[in-house]
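What follows is a short report on a single structure.
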Amino acid sequence: RDQPRSRGLGDVYKRQKVYNAKLSFLGYNQTLIVFEEQLNVSNNNLVYLSSVAQAIDGVLWKGVQINGSFTLEYMSPKSENVLGYSCDLWLRNDEFWNEHIYPDDKERTITFCQNEMKKGNNHTIEYRMVHANGHPVWLKEIVTAELINDELHYTGVIIDISVSKKEELRLKFLESIIVNMKDCVLILDNESEKITITYCNDSFVQETGYQLEELSLIHISEPTRPRL
């Protein structure tokens with residue numbers, strides 16, 4: 001973030017208004033709690049915020065940007081489950097987020113987030129952070145911005161996407177193999193009654209002269225199987 005100052009839980013918000021809203025941007029059906037006034041915190045407010053954090057399958061954080069400087073004000077305890085660090089470490093160290101981004105992703109992630117937050121934009125980004133055990137963890141971070149009393153307030157959810165990202169990279173690797181194969185390759189979609197051709201590699205195009213646009217119009221009632 002842009003030179004964050006962590007003020008801790010004592011500076012979260014006292015008064016809150018509960019909106020019966022859908023967190024559609026996260027894909028969750030939850031009640032959205034919007035904190036309106038920056039006053040001293042009470043135990044009841046921490047209960048509200050903690051309950052929302054527990055209901056969401058991810059790490060919830062809240063912060064505010066005043067005069068161009070971002071302050072992290074809340075980090076849910078689930079941060080320890082995902083990355084191995086307690087929420088207290090996030091709140092005490094101004095540079096914690098910056099320092100624990102995976103080196104190969106650091107420059108693009110910091111630059112993107114700083115630019116979007118300066119503009120007050122909602123944004124989503126995928127990047128890696130370093131787990132307390134030392135291994136990289138793929139994350140998807142979804143951030144929403146709201147202007148309240150000339151202050152930009154941010155709510156973010158960090159989701160561990162390591163498993164799906166691993167599968168995505170595996171599929172990309174397989175795709176690169178198929179694309180560069182010298183053999184002709186067709187991929188058929190047999191989810192419907194009529195089977196359609198959804199992919200052909202360059203070797204097929206060069207060998208037959210057919211483009212995918214032409215092949216996709218062909219419906220196959222039953223795939224031809226070679227006789228043994």
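One distance of note links NZ of Lys119 with CD of Glu116; it measures 5.5 Å at 0.5 Å rounding. Put simply, CG on Asn122 and CD on Glu146 are 10.0 Å apart, with the number rounded to the nearest 0.5 Å. From Thr144, atom OG1 reaches atom NE2 of His123 across 9.5 Å, with rounding to the nearest 0.5 Å. Between atom NE2 of residue His153 and atom OG1 of residue Thr71 there is a gap of 10.5 Å, rounded to the nearest 0.5 Å. Note: Thr196 OG1 to Ile187 CD1 = 11.5 Å, rounded to the nearest 0.5 Å. Taken to the nearest 0.5 Å, the NE2 atom of His135 stands 7.0 Å off from the OG atom of Ser162.
Shown here for Gly209 and Glu214, the closest heavy-atom pair between the two residues is O-OE1, 4.0 Å. Shown here for Cys184 and Ser203, the closest heavy-atom pair between the two residues is SG-O, 3.7 Å. Summarising the geometry of Ala145 relative to Gly120, their closest heavy-atom pair is CB-O, 3.5 Å, with the distance given to 0.1 Å. Here the closest heavy-atom approach between residue Ile161 and residue Ser164 is recorded as O-OG, 3.1 Å. The heavy-atom pair separating Gly84 from Ala132 by the smallest distance is O-CB, 3.6 Å. When all heavy atoms of Leu91 and Met75 are compared, the pair lying nearest together is CD2-N, 4.4 Å.
Here the options are Phe70, Tyr154, Trp97, Tyr74, the test is ring pair (Phe, Tyr, Trp, His ring centres under 6.0 Å), and the partner is Trp61; only Phe70 passes. Under the side chain to side chain contact (heavy atoms under 4.5 Å, CB included) rule, Cys113 has a single partner from Ile125, Asn98, Ile101, which is Ile125.
Looking at Leu152 and Met117, their side chains never come closer than 4.5 Å, going by heavy atoms from C-beta outward. Side-chain contact check for Val59 versus Leu83: every heavy-atom pair is 4.5 Å or farther apart. Between Leu60 and Lys78 there is no side-chain heavy-atom pair separated by less than 4.5 Å. Contact check for Arg170 versus Lys166: no side-chain heavy atoms found under the 4.5 Å cut-off. Here the side chains of Glu141 and Ile158 are in contact, with some heavy-atom distance below 4.5 Å. Using a 4.5 Å heavy-atom threshold, the side chains of Cys200 and Val205 count as touching.
In this structure, a donor-acceptor pair under 3.5 Å is absent between the side chains of Asp88 and Ser86.
Sorted by first and then second residue, the side-chain hydrogen bond (donor to acceptor under 3.5 Å, both in side chains) pairs involving residues 103-112 (not counting sequence neighbours) are Asp105-Arg128.
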Practice task
Show your working on side chain to side chain contact (heavy atoms under 4.5 Å, CB included) between Phe204 and Val185 and close with a plain yes or no.
Solution key: CA-CA 6 Å; Phe204 185 92; Val185 177; over 6 Å; no
Problem - Worked verdict on Val137 versus Met129 for side chain to side chain contact (heavy atoms under 4.5 Å, CB included) - result: CA-CA 5 Å; Val137 179; Met129 288 191 72; 5.5 Å; no
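Of the possible polar contacts, one joining the Ser79 side chain to the Ser76 backbone as a donor-acceptor pair under 3.5 Å is found. Without hydrogens or angle criteria, Asn149 side chain to Glu151 main chain gives no donor-acceptor distance under 3.5 Å. Under the 3.5 Å distance criterion, the side-chain polar atoms of Asn180 are matched with a main-chain donor or acceptor of Ser176.
The cluster map of Ile, Leu, Val, Met, Phe, Trp and Tyr, joined by side-chain heavy atoms under 4.5 Å apart, puts Tyr199 and Phe173 in the same cluster. There is a path of hydrophobic side-chain contacts, each under 4.5 Å, that joins Leu147 to Val143.
In the displayed structure, Phe112 atom CZ is contacted under 6.0 Å by more than 12 heavy atoms of other residues, nucleotides or ligands. The number of heavy atoms from other shown groups lying within 6.0 Å of CD (Glu99) is above 12.
The aromatic ring centroids of Phe96 and Tyr85 lie less than 6.0 Å from each other.
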